Amino acid sequence: MGSVGVLALQGDVREHLATLAALGVGAERVRTPAELDAVAALVLPGGESTAIAHLLRTSGLADALGERLAAGLPVLGTCAGLILLAREVLDGRADQWGYGALAVAVRRNGYGRQIASFEAPLTLSDGTSVPGVFIRAPRIEACGPGVEVLATYDHDGEADPVLVRQGPVWGASFHPELTADTTVHRLFVESL
Ligand code: GLN
């Protein structure tokens, strides 16, 4: 396995580095095209998708990352990171852009303002449970063919997909980096 990077422009970068370190995976911050060249997989953190998108442009990383994604770079996007990967963003800002690398439609802040942040147990496809922290989270409203649902959240009787994967592209609407549970990062790293 080559080295894992964490896109370090904005958002909860340190938390992802700490979770990977807890798994014994030394991860590197990625802020420049040269740093992106050096990694074999990348985590896109939670934060603010429009801020990260802006910094991708100003750092010169936007096109370089697009090329790596097109070439099959394994990525895990959490929350804002998922929004940046999604094919369709509902309730996005007028100038919102993303990579369209994951065939899902997500609604920004899709769980409503009154419960914009909450914690809930999530169910993995093997039936085990992991803790979910949602902060102004995007809601995955549709999944295209080829998208595998790896975890769901029971939302008013509906099993909302909250962790999905399409080949090397993984997205979580919650923040696996904000709990002590390392399951999601472990599954991603094991897939490399
Ligand atoms: N709502 C934020 C956005 O649109 C994402 C929130 C998060 O990453 N915690 O980017």
Side-chain angles (χ1 to χ4, degrees), residues 4-20 27 29-31 41-59 61-62 65-66 69 75-122 130-143 147 149-153 155 160-166 169-185 187-188:
V4 177
V6 177
L7 184 68
L9 301 175
Q10 191 268 338
D12 61 352
V13 175
R14 262 181 306 144
E15 290 79 357
H16 275 290
L17 292 169
T19 306
L20 290 163
R29 285 182 168 80
V30 169
R31 286 158 300 205
L42 185 68
V43 173
L44 277 58
E48 174 54 46
S49 54
T50 52
I52 297 173
H54 174 72
L55 293 166
L56 279 165
R57 288 248 193 267
T58 56
S59 64
L61 271 169
L65 179 53
L69 286 168
V75 285
L76 166 64
T78 66
C79 203
L82 163 66
I83 296 171
L84 286 165
L85 293 171
R87 184 158 301 167
E88 190 181 354
V89 179
L90 306 162
D91 291 343
R93 232 170 60 172
D95 59 349
Q96 187 110 24
W97 65 271
Y99 288 107
L102 183 58
V104 295
V106 298
R107 187 174 298 280
R108 282 182 86 199
N109 306 316
Y111 287 103
R113 291 199 174 275
Q114 70 283 16
I115 52 161
S117 300
F118 59 99
E119 291 189 38
L122 312 175
V130 291
V133 174
F134 294 80
I135 303 171
R136 292 170 53 76
R139 185 174 183 190
I140 298 174
E141 295 200 342
C143 294
V147 176
V149 176
L150 302 180
T152 56
Y153 155 55
H155 182 240
D160 274 14
V162 292
L163 175 64
V164 295
R165 172 183 183 182
Q166 185 176 12
V169 183
W170 296 52
S173 51
F174 60 103
H175 291 277
E177 70 280 17
L178 293 183
T179 67
D181 188 285
T182 55
T183 307
V184 173
H185 290 76
L187 292 172
F188 176 64

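Small disclaimer: the values here were computed from a predicted structure and weren't measured. Ligands are counted one by one from 1 in listed order, and the atoms in each one are counted from 1 as well.
Among the atoms of Ala80, some N or O lies under 3.5 angstrom from an N or O of ligand 1. Residue Thr50 has no N or O atom closer than 3.5 Å to an N or O atom of ligand 1. In terms of polar-atom proximity, Gly46 is not counted as a contact of ligand 1, lacking any N or O under 3.5 Å from an N or O of the ligand.
The distance from the CG atom of Leu85 to the CH2 atom of Trp170 is 13.5 Å, given to the nearest 0.5 Å. The distance from the CG atom of Asp12 to the NE2 atom of His175 is 6.0 Å, given to the nearest 0.5 Å.
Ranking protein heavy atoms by distance to atom 7 (C) of ligand 1, first place goes to Cys79 SG, 2.8 Å. The shortest contact between atom 10 (O) of ligand 1 and any protein heavy atom is with Ser49 N, 2.5 Å. Of the protein's non-hydrogen atoms, the one nearest atom 5 (C) of ligand 1 is Gly47 O, 3.4 Å.
Within ligand 1, counting atoms from 1 as listed, the ones closer than 4.0 Å to a heavy atom of Glu48 are 2 (C), 3 (C), 4 (O), 10 (O).
Using a 4.0 Å cut-off between charged side-chain N and carboxylate O, Arg108 and Asp91 make no salt bridge.
Put simply, the side chain of Leu178 reaches to within 4.5 Å of the side chain of Ile135, judged on heavy atoms. Residues Val147 and Ile140 fail the side-chain proximity criterion, which asks for heavy atoms closer than 4.5 Å.
Of the listed options His175, Arg136, Arg108, His175 places a heavy atom closest to atom 9 (N) of ligand 1.
For the pair Gln96 (side chain) and Val89 (backbone), a donor-acceptor distance under 3.5 Å is absent.
Centroid-to-centroid, the aromatic rings of Phe134 and Tyr153 come within less than 6.0 Å.
Only side-chain heavy atoms of Ile83 come within less than 4.0 Å of ligand 1; its backbone N, CA, C and O stay farther off.
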